[in-house]
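Worksheet for the structure shown next.
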2 protein chains.
Amino acid sequence: MSSIPDLTAHLGYLLRMVSNAVSQEFARKVAREGVTVAEWVMLRALFGRDAITPTALAGEMGMTKGAISKLAERLLDKGLIERTDNATDKRGHSLSLSPRGADKVPILAALADTNDAAFFAVLSGDQRDHLQGVLRDIIGKHGLTVVPVD
Amino acid sequence: MSSIPDLTAHLGYLLRMVSNAVSQEFARKVAREGVTVAEWVMLRALFGRDAITPTALAGEMGMTKGAISKLAERLLDKGLIERTDNATDKRGHSLSLSPRGADKVPILAALADTNDAAFFAVLSGDQRDHLQGVLRDIIGKHGLTVVPVD
DNA sequence: TATTGTTATACTCTATAACTATA
DNA sequence: TATAGTTATAGAGTATAACAATA
């Protein structure tokens, strides 16, 4: 008789809620280091690897070329990444961390460590491991690119 | 010797990746119904309950009054919610679903159902249950408000 | 004065599409 | 023509802070 739908929270909904909460806290912390979460993701993607073209990076990060271009410009302004002209093809170039950017990554990684530890301290070690396993499972099966390959 | 930090993906990072993937897919689907994800969250929050003040809603949704005001204005324009003047205090008013909005919620909920089912089909039933349990645990222990109380 | 809500302003994030320079 | 990348434009999402009306 009633048309009240079953509003039991969906997994995607719960996931978004938790994800937003962690990310917002993290965003405040990295802001003190002068970067945004998206910038951190790009820095992380560039760490410990060869220079990469914007287009390739766009593919890995699941963003458009335009978005990468804008993000890269801000990181260039902040002196955290560098552009290197392509020797053979004058249209392209490569992006890589600057020395300052490379120094920054461990600092930001440490912030991520403490933020994660604090936020997920409400879980048991087993729960954390399980959660990590399930998330990696989803990522693998959907072919999502874990940008910073580890 | 090396200064390479341990970039093992953090839980917050994995969570954000998965959450973004689900939400982006869902966003495309609800867009066909003419609403955004944030609008769906507000509609869901208003469903099956008494009218609520913008300030109270802001508290529940973890947003500022200004953000709620902007979101509400769009939903008013779309005819999905209604404003009712407060009888006793002329400063305030209450928000509630319009008949059209109330009709829309089940449709959007069904979209969320199918989107969730499709996305999380890569998991076993046990994994899904476990994931839901862990997320609810985090939400409860952090006192995050599951907007649409169920 | 304090509170309710709107508005002004600003910035991030992101997409689409037009454009430039090169191939 | 096709490709690499930038830029222009636009809109969502969100915050802060100034503001108007009322209490």
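Convention: sequence-line order gives letters A, B, ...; per-chain numbering from 1.
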Measure CZ/B/Arg28 against C1'/D/dA12 and give the value in whole Å, please.
16 Å

Between D/dA12 (P) and B/Phe26 (CZ): distance, integer Å
17 Å

Between D/dG5 atom P and A/Ile52 atom CD1, what is the distance in whole Å?
10 Å

One should read off an interatomic distance between A/Leu123 CG and B/Leu11 CG, to the nearest 0.5 angstrom, of 8.0 Å

With five pairs defining each end axis, the helix from C/dT1-D/dA23 to C/dA23-D/dT1 comes out bent, to 10°, by 30°

Tell me whether B/Asp50 at atom CG has more than 12 heavy atoms from other residues, nucleotides or ligands lying less than 6.0 Å away.
no

Ring centres of B/Phe119 and A/His142 under 6.0 Å apart?
yes

Of A/Val37 and A/Lys90, the one whose closest DNA chain C nucleotide lies more 5':
A/Val37

I need the minimum non-hydrogen distance between B/Glu82 and B/Pro99, along with the two atoms involved.
OE2-CD, 3.5 Å

Is A/Thr64 near enough to C/dT14 that one of its side-chain N or O atoms lies under 4.0 angstrom from OP1 or OP2?
no

Between B/Val30 and the options B/Thr36, B/Asn115, B/Val35, the side-chain contact (heavy atoms from CB on, under 4.5 Å) test singles out B/Val35

Specify the separation, in whole Å, of atom CD of A/Glu39 and atom P of C/dC11.
14 Å

Salt bridge B/Glu73-B/Lys78, side-chain N to carboxylate O under 4.0 Å
no

So does B/Glu33 get a backbone contact from the side chain of B/Lys104, meaning a donor-acceptor N/O pair under 3.5 Å?
yes

On the nucleotide C/dC11, are OP1 or OP2 found under 4.0 Å from the side-chain N or O atoms that A/Arg74 carries?
no

Using atom CE of A/Met63 as one end and atom P of C/dT16 as the other, report the distance to the nearest whole Å.
12 Å

Within a radius of less than 6.0 Å around NZ of A/Lys90, do more than 12 heavy atoms belonging to other residues, nucleotides or ligands occur?
no

For B/Gln24 and D/dA12, give me the distance from atom CD to atom C1', rounded to whole Å.
13 Å

Please report the shortest heavy-atom distance between B/Leu95 and B/Leu46, naming the atom on each side.
O-CD2, 3.9 Å

Reckon A/Thr36 has a side-chain N or O less than 4.0 Å from the OP1 or OP2 of C/dC13?
yes

Integer-rounded Å distance: C/dA21 P and A/Asn86 CG
18 Å

Polar-atom pairs under 3.5 Å, protein N or O versus N or O of nucleotides 1-8 of chain C: list them with distances, or write none.
unit_1 : atom_1 : unit_2  : atom_2 : d
C/dT3  : O2     : B/Arg91 : NH1    : 2.5
C/dG5  : OP1    : B/His93 : N      : 3.3
C/dG5  : OP1    : B/His93 : O      : 3.2
C/dG5  : OP2    : B/Thr55 : N      : 3.4
C/dG5  : OP2    : B/Thr55 : OG1    : 2.4
C/dG5  : N7     : B/Lys65 : NZ     : 2.8
C/dT6  : OP1    : B/Arg83 : NE     : 3.4
C/dT6  : OP1    : B/Arg83 : NH2    : 2.6
C/dT6  : OP2    : B/Ser69 : OG     : 2.8
C/dT6  : O5'    : B/Ser69 : OG     : 3.4

Whole-Å gap separating P (C/dA15) and CE (A/Met61):
11 Å

